[in-house]
Amino acid sequence: MVSANDLELSLEQVRAHAAGPVAGVFGPDTVTWRIDREAVIFLGAGRALLLQLAHPWVAAAIAEHSRTFADPIGRFHRTFGIVFAMVFGSLDRALLASRQLHRRHDMIVGEMPETVGPFATGSRYCANDIPSLRWVHATLVETALMAHDLVLAPLSAEERERYWAESRMFGALFGLTGNDLPADWAGFAAYTAAMSQSETLTVSTAAREIATQIFTGARPWLRPPRWYRALTVRMLPERLRAGFGFELDEQDIRAADNALRWIRRVYPKLPDRLRYVGPYQEAQARLRGETQPDWMTRCLNRAWIGRPQMDVHGK
């Protein structure tokens with residue numbers, strides 16, 4: 001478990017190695033900023049969620065403690081609000097987001113309602129459990145890079161190592177220490193490959209129900225388009241795709257291929273103001289000494305994090 005004291009010790013290390021009070025934990029010269037600024041990483045959002053749901057503890061926690069069904073857009077904003085604050089916020093804002101996430105996770109405890117994989121009925125789960133945090137962290141790191149490389153020039157081997165070294169710092173914001181995470185990219189890739197074949201990832205009834213609600217549920221105006229659903233399913237490991245009960249026909253595959261072909265042609269030509277997420281643009285304005293983002297950045301922030309400014313009033 002990651003206790004509050006554990007987290008504070010981890011954040012001391014983050015503060016010692018951060019880019020600076022204004023630049024935040026990472027800063028403009030990092031691979032993390034280069035990847036996470038791209039709006040195209042949203043292509044992987046569905047995959048990351050499904051991989052997290054494939055962990056029975058995570059699925060049980062979302063089913064019993066989340067407002068995903070009642071407020072799906074609010075959950076989207078809360079998730080991206082925390083992640084982008086950690087990545088693009090000032091140092092104080094990033095540390096505050098880390099503490100907020102830990103406190104939220106501390107309230108997410110319960111018992112497994114059924115036996116799923118190696119997790120027995122009645123076994124306890126907690127969102128601040130280290131193996132669960134490690135898996136959620138891994139889904140975010142791996143999927144962001146996968147979505148980036150689907151559309152833009154893939155990272156070199158050296159850049160992947162830098163990205164993973166920075167991702168270990170990102171993990172520290174979850175309270176994960178160096179001992180909790182692989183030392184290099186090869187170790188990380190081995191971990192995710194082993195997890196994808198492990199019984200630790202077993203799709204539960206709750207996970208299937210949540211996935212159905214999100215991807216084919218009763219809210220047609222929120223349902224992802226066919227091409228996005230197909231692309232998400234194709235990005236999953238085959239075993240988990242079957243576990244969720246997803247099937248792809250020729251029309252699905254064609255829709256995903258056509259969309260990806262169009263995105264690869266158009267996206268790199270977009271102006272930076274449309275291509276890069278609002279929190280990144282706010283961070284750049286902060287580095288220029290501007291106290292508030294301009295109107296367009298505020299509009300983009302509303303779309304990504306549900307509010308006009310990331311660093312408003314220290315919140």
Side-chain angles (χ1 to χ4, degrees), residues 1-11 13-14 44 47-66 79 82-83 86 98-146 164-208 210-211 236-237 239-240 243-244:
M1 300 292 296
V2 175
S3 69
N5 287 338
D6 293 333
L7 179 66
E8 291 305 319
L9 290 173
S10 186
L11 295 185
Q13 294 299 310
V14 171
R47 176 189 190 265
L49 175 59
L50 290 173
L51 286 178
Q52 292 167 22
L53 285 172
H55 194 300
W57 278 3
V58 177
I62 291 177
E64 296 181 10
H65 298 273
S66 174
T79 299
I82 288 286
V83 171
M86 290 177 171
S98 171
R99 295 183 180 108
Q100 289 173 329
L101 181 64
H102 184 272
R103 287 196 296 269
R104 185 180 301 169
H105 280 173
D106 238 9
M107 296 184 290
I108 300 176
V109 295
E111 297 181 354
M112 286 295 295
E114 61 176 346
T115 297
V116 184
F119 306 102
T121 302
S123 60
R124 299 280 294 174
Y125 65 79
C126 175
N128 276 326
D129 168 82
I130 289 173
S132 300
L133 289 173
R134 180 165 50 230
W135 178 240
V136 170
H137 169 265
T139 66
L140 298 174
V141 170
E142 182 189 46
T143 305
L145 181 59
M146 182 179 291
W164 175 245
E166 294 164 12
S167 296
R168 282 164 58 90
M169 181 79 79
F170 181 50
L173 291 165
F174 287 70
L176 298 171
T177 70
N179 293 329
D180 298 323
L181 297 168
D184 54 23
W185 179 263
F188 175 64
Y191 163 74
T192 57
M195 283 290 289
S196 70
Q197 298 302 318
S198 168
E199 281 192 357
T200 300
L201 298 188
T202 302
V203 180
S204 64
T205 302
R208 279 190 293 273
I210 295 169
L236 288 175
R239 185 177 73 87
L240 298 180
F244 279 107

Run the numbers on T205 and R208 for side chain to side chain contact (heavy atoms under 4.5 Å, CB included), then give the verdict. CA-CA 5 Å; T205 302; R208 279 190 293 273; 3.8 Å; yes

Heavy-atom closest pair (E142 atom, T192 atom, distance to 0.1 Å) is OE2-OG1, 3.5 Å

Run the side-chain contact (heavy atoms from CB on, under 4.5 Å) test against A60 and tell me which residues pass, sequence neighbours left out. M112, P113, Y125

Return the OG to CD distance between S3 and E8, rounded to the nearest 0.5 Å. 9.5 Å

Contacts of R134 meeting salt bridge (charged side-chain N to carboxylate O under 4.0 Å, His left out) (sequence neighbours excluded), chain-then-number -> none

Between H65 (side chain) and V109 (backbone), is there a donor-acceptor pair under 3.5 Å? yes

Counterpart residues, salt bridge (charged side-chain N to carboxylate O under 4.0 Å, His left out), relative to E166 (two or more places apart): none

Closest non-hydrogen atom pair, E111 against E64: O-OE2, 3.8 Å

Parallel, tilted or perpendicular, as decided by the 30° and 60° cut-offs, for the rings of H55 and W57: tilted

Given side chain to side chain contact (heavy atoms under 4.5 Å, CB included), test W135 with L51 step by step and report yes or no. CA-CA 9 Å; W135 178 240; L51 286 178; 4.0 Å; yes

Where do L240 and L50 land on the side chain to side chain contact (heavy atoms under 4.5 Å, CB included) test, with the steps shown first? CA-CA 9 Å; L240 298 180; L50 290 173; over 6 Å; no

Results of side-chain contact (heavy atoms from CB on, under 4.5 Å) for S198 - residues two or more places apart only: T200

Does the S167 side chain pair with the main chain of V141, one donor and one acceptor, at a distance under 3.5 Å? no

Would you say the side-chain atoms of T121 and E114 include a donor-acceptor pair closer than 3.5 Å? no

Tell me, please, which residues at least two apart from Q197 pass side-chain contact (heavy atoms from CB on, under 4.5 Å). R239

Between atom CE of M86 and atom CD of Q100, what is the distance when rounded to the nearest 0.5 Å? 9.0 Å

Would you find a donor on one side and an acceptor on the other, under 3.5 Å apart, between the side chain of D180 and the backbone of T177? yes

Side-chain heavy-atom pair R47, T139 within 4.5 angstrom cut-off: no

Value for CZ (F119) from CZ (R124), rounded to nearest 0.5 Å, stands at 15.0 Å

Looking at R99 and L7, would you say the former's side chain and the latter's main chain have a donor-acceptor pair under 3.5 Å? no

Do any N or O atoms from the side chain of H105 and from the backbone of V2 form a donor-acceptor pair under 3.5 angstrom? no

Quick one: does any side-chain atom of D106 pair with a main-chain N or O of R103 as donor and acceptor, under 3.5 Å? no

Ring pair (Phe, Tyr, Trp, His ring centres under 6.0 Å) against F188, all qualifying residues, sequence neighbours excluded: W164, W185

Expected output: side-chain S204 to main-chain A207 donor-acceptor under 3.5 Å: yes

Closest non-hydrogen atoms of A120 and S123, given as atom of the first, atom of the second and distance, are O-OG, 2.7 Å

When rounded to the nearest 0.5 Å, the distance separating CG of D6 from CZ of F174 is 15.5 Å

I need the H137 NE2 to Q52 CD distance, nearest 0.5 Å. 12.0 Å

Close side-chain approach of F170 to L140, heavy-atom, < 4.5 Å: yes

Is there side-chain contact between L53 and V203, with heavy atoms separated by less than 4.5 Å? no

Within this structure, what is the CG-CD1 distance for the pair L49 and I210, rounded to the nearest 0.5 Å? 8.0 Å

If I compare all heavy atoms of P237 with all of S196, which pair ends up nearest, and what's the gap? CG-CB, 3.9 Å

Nearest heavy-atom neighbours spanning L133 and A127: CD2-O, 3.4 Å

Where is the tightest heavy-atom contact between P182 and Y191, given as atom of each residue plus distance? CG-CB, 4.2 Å

State, yes or no, whether a side-chain contact exists between L11 and S98 at a heavy-atom distance under 4.5 Å. yes

Going through the distances and angles, do L176 and S10 end up as a side chain to side chain contact (heavy atoms under 4.5 Å, CB included)? CA-CA 7 Å; L176 298 171; S10 186; over 6 Å; no

